[in-house]
Amino acid sequence: MDESAAAQARTAPGQRDAGVARVPVSLRVNGTERRLEVDTRTTLLDALRDGLKLTGTKKGCDQGQCGACTVHVDGRRMLSCLILAASADGREVRTIEGLERDGTPHPMQEAFVRHDGLQCGYCTSGQIMSAVALLEEGRAGSDEEIREFMSGNLCRCGTYPHIVAAIREVAARGDHA
């Protein structure tokens with residue numbers, strides 16, 4: 001990639017870059033209608049972080065390998081680094097910021113804290129978003145099932161047993177809505 005192409009690829013959603021096509025995008029993010037204009041190459045991850053300033057969703061590998069960027073799109077967990085923002089036009093997006101209700105953390109967020117399901121915290125938002133989706137999908141029947149359906153989310157600190165314990169607690173209480 002030559003220097004000008006590299007510079008264009010780094011252009012944030014709110015910035016202009018001559019010669020690059022831009023498109024309007026309308027998203028319903030965490031229950032609120034949001035509109036922005038993005039470079040056609042902008043990922044949903046970059047639109048959320050740079051365009052909408054929702055920085056809870058993390059950029060890990062930027063290749064769909066780590067799960068740090070997991071969000072819910074139309075109720076399904078997705079890796080936001082692999083989705084173009086333009087392809088999410090008109091869709092419902094829920095981020096980690098959208099889990100709390102009236103200032104109260106989601107039960108999964110509380111369980112992660114209780115069970116020390118985090119250390120450095122970098123993967124935590126993606127882990128929690130996947131854990132919430134896993135419960136909504138009805139896939140928390142056993143520890144093995146939890147591990148299988150959480151396998152797309154990597155934790156470099158190795159808190160997997162604590163993450164499984166947090167998910168198991170919320171699943172047993174049934175208060176994951």
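- G67 approaches L79 most closely through the heavy-atom pair CA-CD2, 3.8 Å.
- E148 is linked by a side chain to side chain donor-acceptor pair (under 3.5 Å) to nothing, counting only residues two or more places apart in sequence or in another chain.
- Considering every non-hydrogen atom in both G51 and L36, the closest pair reads CA-CD1, 4.2 Å.
- Contacts of P161 classified as side-chain contact (heavy atoms from CB on, under 4.5 Å), with partners at least two apart in sequence or in another chain: none.
- The distance from atom CG of L52 to atom CZ of R34, rounded to the nearest 0.5 Å, is 4.5 Å.
- Closest approach of R101 to G98, counting heavy atoms only: NH1-O, 2.9 Å.
- Side-chain contact check for L84 versus T40: every heavy-atom pair is 4.5 Å or farther apart.
- Taking every heavy atom of both residues into account, F112 and A131 meet most closely at CE1-CB, 4.3 Å.
- Residues E110 and V170 are not in side-chain contact: their nearest non-hydrogen atoms beyond the backbone lie 4.5 Å or more apart.
- Heavy-atom minimum distance, C155 versus Q127: CB-NE2, 3.8 Å.
- In this view, R91 and D74 satisfy the salt bridge (Lys or Arg N to Asp or Glu O under 4.0 Å) rule, not counting sequence neighbours.
- For residues 53-67, the set of pairs meeting the side-chain hydrogen bond (donor to acceptor under 3.5 Å, both in side chains) definition, not counting sequence neighbours, comprises D46-K59.
- Looking at residues two or more places apart in sequence or on another chain, you find no salt bridge (Lys or Arg N to Asp or Glu O under 4.0 Å) involving R156.
- Looking at residues two or more places apart in sequence or on another chain, you find a salt bridge (Lys or Arg N to Asp or Glu O under 4.0 Å) between R139 and E137.
- Between T43 and L82, the closest side-chain pair of non-hydrogen atoms is not below 4.5 Å.
- Under 3.5 Å, the side chains of T95 and N30 contain a donor-acceptor pair of N or O atoms.
- Between the side chain of E97 and the main chain of G56, a donor-acceptor pair closer than 3.5 Å is present.
- Shown are E136, M78, E92; of these, the side-chain contact (heavy atoms from CB on, under 4.5 Å) with H72 is made only by E136.
- Taken to the nearest 0.5 Å, the OG atom of S151 stands 9.5 Å off from the OH atom of Y160.
- Residues V29 and V23 are members of one and the same hydrophobic cluster, defined by side-chain heavy-atom contacts under 4.5 angstrom among Ile, Leu, Val, Met, Phe, Trp and Tyr.
- Residues L134 and I167 have side chains in contact (heavy-atom distance under 4.5 Å, counting atoms from C-beta outward).
- Of all heavy-atom pairs spanning A47 and T42, the tightest one is N-CG2, 3.8 Å.
- Taking the side chain to side chain donor-acceptor pair (under 3.5 Å) definition, one finds that H162 meets it with nothing, sequence neighbours left out.
- Taking CD1 from I163 and CG from L118, the interatomic distance works out to 8.5 Å, rounded to the nearest 0.5 Å.
- For L99, the side-chain contact (heavy atoms from CB on, under 4.5 Å) test picks out R94, I96, H106, Q109, I128, M129, V132, with sequence neighbours left out.
- When the side-chain contact (heavy atoms from CB on, under 4.5 Å) test is applied to D89, the partners found at least two apart in sequence or on another chain are V25, S26.
- Shown here are the salt bridge (Lys or Arg N to Asp or Glu O under 4.0 Å) partners of E33, two or more places apart in sequence or in another chain: R28, R35.
- Partners of R168 according to the side chain to side chain donor-acceptor pair (under 3.5 Å) rule, which considers only residues two or more places apart in sequence or in another chain, are D143.
- Looking at heavy atoms from C-beta onward, I83 lies in side-chain contact with V73 at the 4.5 angstrom threshold.
- Residues passing the side-chain contact (heavy atoms from CB on, under 4.5 Å) test with S130, sequence neighbours excluded: T70, R77, M150, N153.
- The distance from atom CG of L54 to atom OG of S80, rounded to the nearest 0.5 Å, is 11.0 Å.
- Under a hydrophobic clustering in which Ile, Leu, Val, Met, Phe, Trp and Tyr are joined whenever their side-chain heavy atoms come within less than 4.5 Å, directly or via other members, M108 and I146 fall into the same cluster.
- Here the straight-line distance linking atom CD of E100 with atom CG of D102 works out to 7.5 Å at 0.5 Å rounding.
- Follow the hydrophobic side-chain contacts under 4.5 Å out from L45 and you never reach V38; the two are in separate clusters.
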